[in-house]
2 protein chains.
Amino acid sequence: MASLQKNYQCSFELTMDLIGGKWKLIILWHLLDGAKRFNELDKLMPAITQKMLTTQLRDLEEKGLVHREVYPEIPPKVEYSLTERGRSLDPILHDICKWSTDYANANDITIGCNKEH
Amino acid sequence: MASLQKNYQCSFELTMDLIGGKWKLIILWHLLDGAKRFNELDKLMPAITQKMLTTQLRDLEEKGLVHREVYPEIPPKVEYSLTERGRSLDPILHDICKWSTDYANANDITIGCNKEH
DNA sequence: CTGCATCCGGTACGATACTG
DNA sequence: CAGTATCGTACCGGATGCAG
């Protein structure tokens, strides 16, 4: 795993580097279910492009939150799963999900798909 | 408060709109201590520019997470504090802080200032 | 002291097409 | 199936200066 040797002034800076951006939380959330193939993730997130999915997954892999398992088959098969450290985000992800759902309810914001775990 | 009428497909999308970006978590974290003046926040975050501080505070205010109190004095005095909903992020912020600190320790990443609460 | 105005560059993000 | 390759854009975030 590549080490991130930037000078972080604050742990939240590091946090945003790790799980910031538009898609990372959603990907991690889906992977809480268990390992998923590239195409499965793609279908679970209709709005994401393949390019972004690739980028974000590689990012998460580099940071040690996601494991990438390549099966040398034809047709190709690649499975993504959470590492132990990735899985340690579980309670935080649930809390965030609950918090934002509360916020949405309190402000008449509708959310299309709110998959429960 | 302005209502956010976008079509959110996922609560994490909403979350990133609310507390995404480079500075919002840090600002909220500092405000957990209690109300702070503009200049205090500025000093607490040496790296932020005044423009960004203004922008982010207005953003958080618009979303109902931060309250802005203007005292009509000369010289001007403006205090920022957390709303009740902003304060409801408290446990999440602490969890995130702990999680990223763990991550940093496990990966030999040094963090300059890790203010504890 | 607390901002706002202006300008500007990098990059995060996206659309589309193509490939082993 | 699981990705690249290209190209394009929007806007976040930064630098600097000015104002009430």
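Here is how names work: the chains are called A, B, and so on, in the same order as the sequence lines, proteins then strands, and each is numbered from 1. Values below: every heavy atom of this structure, side chains too, minus hydrogens, waters and symmetry copies.
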**Asked** Quick one: do A:Arg37 and A:Glu40 make a salt bridge, cutoff under 4.0 Å?
**Response** no
**Asked** Within this structure, what is the CG-to-C1' distance between A:Asp42 and D:dC1, rounded to whole angstrom?
**Response** 11 Å
**Prompt:** Taking only side-chain nitrogens and oxygens of B:Arg37, does any of them come within less than 4.0 Å of OP1 or OP2 of C:dC1?
**Reply:** no
**Asked** D:dG3 C1' sits how many Å from A:Met52 CE, rounded?
**Response** 15 Å
**Message:** By nearest atom, which of the nucleotides D:dG3, C:dT2, D:dG13 is closest to the A:Thr54 side chain?
**Reply:** D:dG3
**Item:** Between NZ on residue A:Lys63 and CZ on residue A:Arg58, distance to nearest 0.5 Å
**Value:** 14.0 Å
**Prompt:** The side chain of A:Lys77 lies closest to which of these nucleotides: C:dT2, C:dC4, D:dA2?
**Reply:** D:dA2
**Asked** If the sugar-phosphate is the primed atoms plus P, OP1 and OP2 and the base is the rest, what is the B/S/- string for nucleotides 15-20 of chain D, using protein heavy atoms under 4.0 Å?
**Response** B----B
**Asked** What about B:His94 and B:Trp99, are their ring centers closer than 6.0 Å?
**Response** no
**Message:** Please report the interatomic distance SG(A:Cys10) to CE(A:Met16), rounded to the nearest 0.5 Å.
**Reply:** 11.5 Å
**Selection from C:dC4, D:dA2, C:dC13 that lies nearest to any side-chain heavy atom of A:Asn39** = D:dA2
**Prompt:** Taking only N and O in the side chain of A:Tyr80, is any of them less than 4.0 Å away from OP1 or OP2 of D:dG3?
**Reply:** yes
**Spatial distance of atom CD (A:Glu69) from atom NE2 (A:His67) [nearest 0.5 Å]** = 4.0 Å
**Prompt:** Does A:Arg58 make a side-chain N or O approach to OP1 or OP2 of D:dT4 shorter than 4.0 Å?
**Reply:** yes
**Request:** Check every strand shown and say whether A:Tyr71 touches a base, only sugar-phosphate, or nothing at a heavy-atom separation below 4.0 Å.
**Result:** nothing
**Prompt:** To the nearest angstrom, how far is B:Lys36 atom NZ from C:dG3 atom P?
**Reply:** 16 Å
**Prompt:** CD of A:Glu69 versus P of D:dA2: gap in Å, rounded?
**Reply:** 13 Å
**Request:** Nearest 0.5 Å please: distance from the CD atom of B:Glu13 over to the OG atom of A:Ser100.
**Result:** 11.0 Å
**Request:** Take the protein atom NZ of B:Lys43 and the nucleotide atom C1' of C:dT2, then report the distance between them rounded to whole Å.
**Result:** 12 Å
**Spacing of A:Met16 atom CE relative to C:dA12 atom C1', expressed in whole Å** = 12 Å
**Item:** Given DNA chain C, 5'-ward residue of the pair B:Phe38 and A:Trp23, judged by closest heavy atom
**Value:** B:Phe38
**Prompt:** Within the structure, does a side-chain N or O atom of A:Arg68 lie under 4.0 Å from either OP1 or OP2 of D:dA2?
**Reply:** no
**Check: A:Asn107 and A:Tyr103 side chains under 4.5 Å, non-hydrogen atoms** = yes
**Request:** Take atom CD1 of B:Ile27 and atom C1' of D:dG13, then tell me their distance rounded to the nearest Å.
**Result:** 13 Å
**Request:** Would you kindly give the CE-to-P distance between B:Met45 and D:dG13, to the nearest whole Å?
**Result:** 13 Å
